[in-house]
Colleague: 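Below is one structure. I have some questions about it.
Treat the numbers as computed from the prediction; the structure is a model and nothing was measured. Worth knowing before you read on, the calculation uses all heavy atoms, side chains too, and leaves out hydrogens, waters and symmetry mates.
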Amino acid sequence: MRALIQRVLEAKVVVEGETTGEIQHGLLVFLGLGKEDTLEKGQKLIDKILKYRIFDDEQGKMGWNVSQANGGVLLVSQFTLMAQTQKGLRPDFGPAMPPAEAKALYEQLVEYAQQQFDHVQTGIFAADMKVHLINDGPVTFNLEIE
């Protein structure tokens, strides 16, 4: 399971001309699910994301998490994060969880995230999403749970 997290000034997901999720200051989270991933692993990753200290505190250091920074979370499914890219010139999506299983797990993780944090927005699973963002920093991290 992988999450690419970006500290943003604003972000939104648009599907067929409609905004499906939008935040101001906070975290844009692209979430990739692998074949071996579980709800337990996902909950650990969500907890890590919510506690990850990448926002400036009073001293200008990365000391605050998204809650302390009064931010939001925009959670977007992205199977391409699971691609193997070490060989050849075309990504191999074999490690990605099959779509039906991934959708069920993604929905459980969205529900869990919303239980843990009040300001969670989402994209639409497997939709052709247009993601708009203004990266703050830029600050981007790749988080993984094995």
Side-chain angles (χ1 to χ4, degrees), residues 1-87 91-93 95-97 99 101-146:
M1 185 171 298
R2 293 184 184 132
L4 181 72
I5 64 173
Q6 297 182 319
R7 189 177 72 185
V8 296
L9 295 176
E10 61 184 59
K12 69 178 178 178
V13 174
V14 177
V15 177
E16 296 179 7
E18 298 286 325
T19 299
T20 64
E22 183 173 18
I23 62 169
Q24 295 303 311
H25 173 71
L27 293 175
L28 171 58
V29 178
F30 293 106
L31 184 64
L33 304 176
K35 288 180 179 176
E36 305 300 319
D37 289 331
T38 63
L39 178 59
E40 182 179 278
K41 285 182 184 178
Q43 289 172 335
K44 285 182 183 178
L45 184 57
I46 295 295
D47 291 342
K48 184 172 184 172
I49 290 165
L50 294 176
K51 294 175 184 171
Y52 213 63
R53 299 181 311 162
I54 62 170
F55 293 90
D56 293 347
D57 60 19
E58 301 95 351
Q59 288 81 39
K61 307 263 189 223
M62 287 187 183
W64 283 350
N65 62 39
V66 68
S67 178
Q68 293 168 312
N70 296 313
V73 173
L74 179 56
L75 190 57
V76 178
S77 64
Q78 185 161 0
F79 78 97
T80 60
L81 284 176
M82 299 311 296
Q84 288 183 336
T85 59
Q86 295 83 354
K87 296 180 183 177
D92 174 6
F93 298 113
M97 184 177 283
E101 293 173 48
K103 181 177 184 184
L105 181 55
Y106 172 75
E107 289 173 353
Q108 290 177 307
L109 292 174
V110 167
E111 184 178 323
Y112 179 77
Q114 290 172 334
Q115 291 170 353
Q116 304 305 308
F117 189 65
D118 289 335
H119 308 291
V120 177
Q121 297 283 308
T122 67
I124 296 178
F125 185 88
D128 181 18
M129 295 179 274
K130 307 302 180 208
V131 181
H132 304 255
L133 69 123
I134 298 176
N135 197 315
D136 181 17
V139 174
T140 303
F141 293 95
N142 183 40
L143 304 180
E144 291 189 44
I145 296 291
E146 299 282 332

Colleague: Ignoring hydrogens and angles, write down the donor-acceptor pairs under 3.5 Å from the side chains of residues 107-119, residues two or more places apart or on other chains.
Modeller:
unit_1	atom_1	unit_2	atom_2	d
Tyr112	OH	Asp47	OD1	2.7
Tyr112	OH	Asp47	OD2	3.1

Colleague: Please name all residues satisfying side-chain contact (heavy atoms from CB on, under 4.5 Å) with Gln6, sequence neighbours left out, ordered by chain then number.
Modeller: Val8, Leu28, Phe30, Leu133, Asn135, Thr140
Colleague: How long is the straight-line distance from CZ of Phe141 back to CD1 of Ile49, given to the nearest 0.5 Å?
Modeller: 13.0 Å
Colleague: Does Leu27 reach the side chain of Leu74, with side-chain heavy atoms less than 4.5 Å apart?
Modeller: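 Not touching, per the 4.5 Å side-chain cut-off.
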Colleague: Using a 4.5 Å cut-off on heavy atoms from C-beta on, say whether the side chain of Val14 contacts that of His132.
Modeller: yes
Colleague: Step by step, work out the side-chain contact (heavy atoms from CB on, under 4.5 Å) result for Phe55 and His25.
Modeller: CA-CA 10 Å; Phe55 293 90; His25 173 71; 3.5 Å; yes
Colleague: Are Val76 and Met129 packed together at the side-chain level, in the sense that at least one heavy-atom pair is separated by less than 4.5 angstrom?
Modeller: yes
Colleague: When you compare the side chain of Met82 with that of Arg2, does any pair of heavy atoms fall below 4.5 Å?
Modeller: yes
Colleague: Once side-chain contact (heavy atoms from CB on, under 4.5 Å) is applied, do any residues pair with Lys48, and if so which ones, sequence neighbours excluded?
Modeller: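 Tyr52, Leu143.
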Colleague: If a pair satisfies salt bridge (Lys or Arg N to Asp or Glu O under 4.0 Å) and one of its residues is in residues 119-133, list it, with sequence neighbours excluded.
Modeller: Asp128-Lys130
Colleague: Sort and list the pairs that fulfil side chain to side chain donor-acceptor pair (under 3.5 Å) and have at least one residue in residues 76-87, not counting sequence neighbours.
Modeller: Gln78-Thr80
Colleague: Any chance you could lay out the side-chain contact (heavy atoms from CB on, under 4.5 Å) test for Val120 and Ile23, step after step, and finish with the verdict?
Modeller: CA-CA 8 Å; Val120 177; Ile23 62 169; over 6 Å; no
Colleague: Just to verify, what does Ala126 make a side-chain contact (heavy atoms from CB on, under 4.5 Å) with, not counting sequence neighbours?
Modeller: none
Colleague: Taking side chain as C-beta onward, heavy atoms only, is Leu50 less than 4.5 Å from Val66?
Modeller: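 Yes, their side chains come closer than 4.5 Å.
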Colleague: Check whether any side-chain heavy atom of Leu105 lies under 4.5 Å from a side-chain heavy atom of Leu39, and answer yes or no.
Modeller: yes
Colleague: Are side-chain heavy atoms of Ile54 and Ile5 found at a separation under 4.5 Å?
Modeller: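 Yes - at least one pair of side-chain heavy atoms lies under 4.5 Å apart.
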Colleague: What's the spacing between Lys51 NZ and Gln68 CD if we round to 0.5 Å?
Modeller: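 Between Lys51 NZ and Gln68 CD, I get 11.5 Å after rounding to 0.5 Å.
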Colleague: Step by step, would you call Val29 with Leu4 a side-chain contact (heavy atoms from CB on, under 4.5 Å)?
Modeller: CA-CA 6 Å; Val29 178; Leu4 181 72; over 6 Å; no
Colleague: Kindly state each residue pair satisfying side chain to side chain donor-acceptor pair (under 3.5 Å) with at least one member in residues 28-44, sequence neighbours excluded.
Modeller: none
Colleague: Hey, could you give me the CG/CG distance between Leu81 and Leu33, rounded to the nearest 0.5 Å?
Modeller: 9.5 Å
Colleague: Enumerate the salt bridge (Lys or Arg N to Asp or Glu O under 4.0 Å) contacts for residues 3-28, please, sequence neighbours excluded, ordered by first and then second residue.
Modeller: Arg7-Asp56, Arg7-Asp136
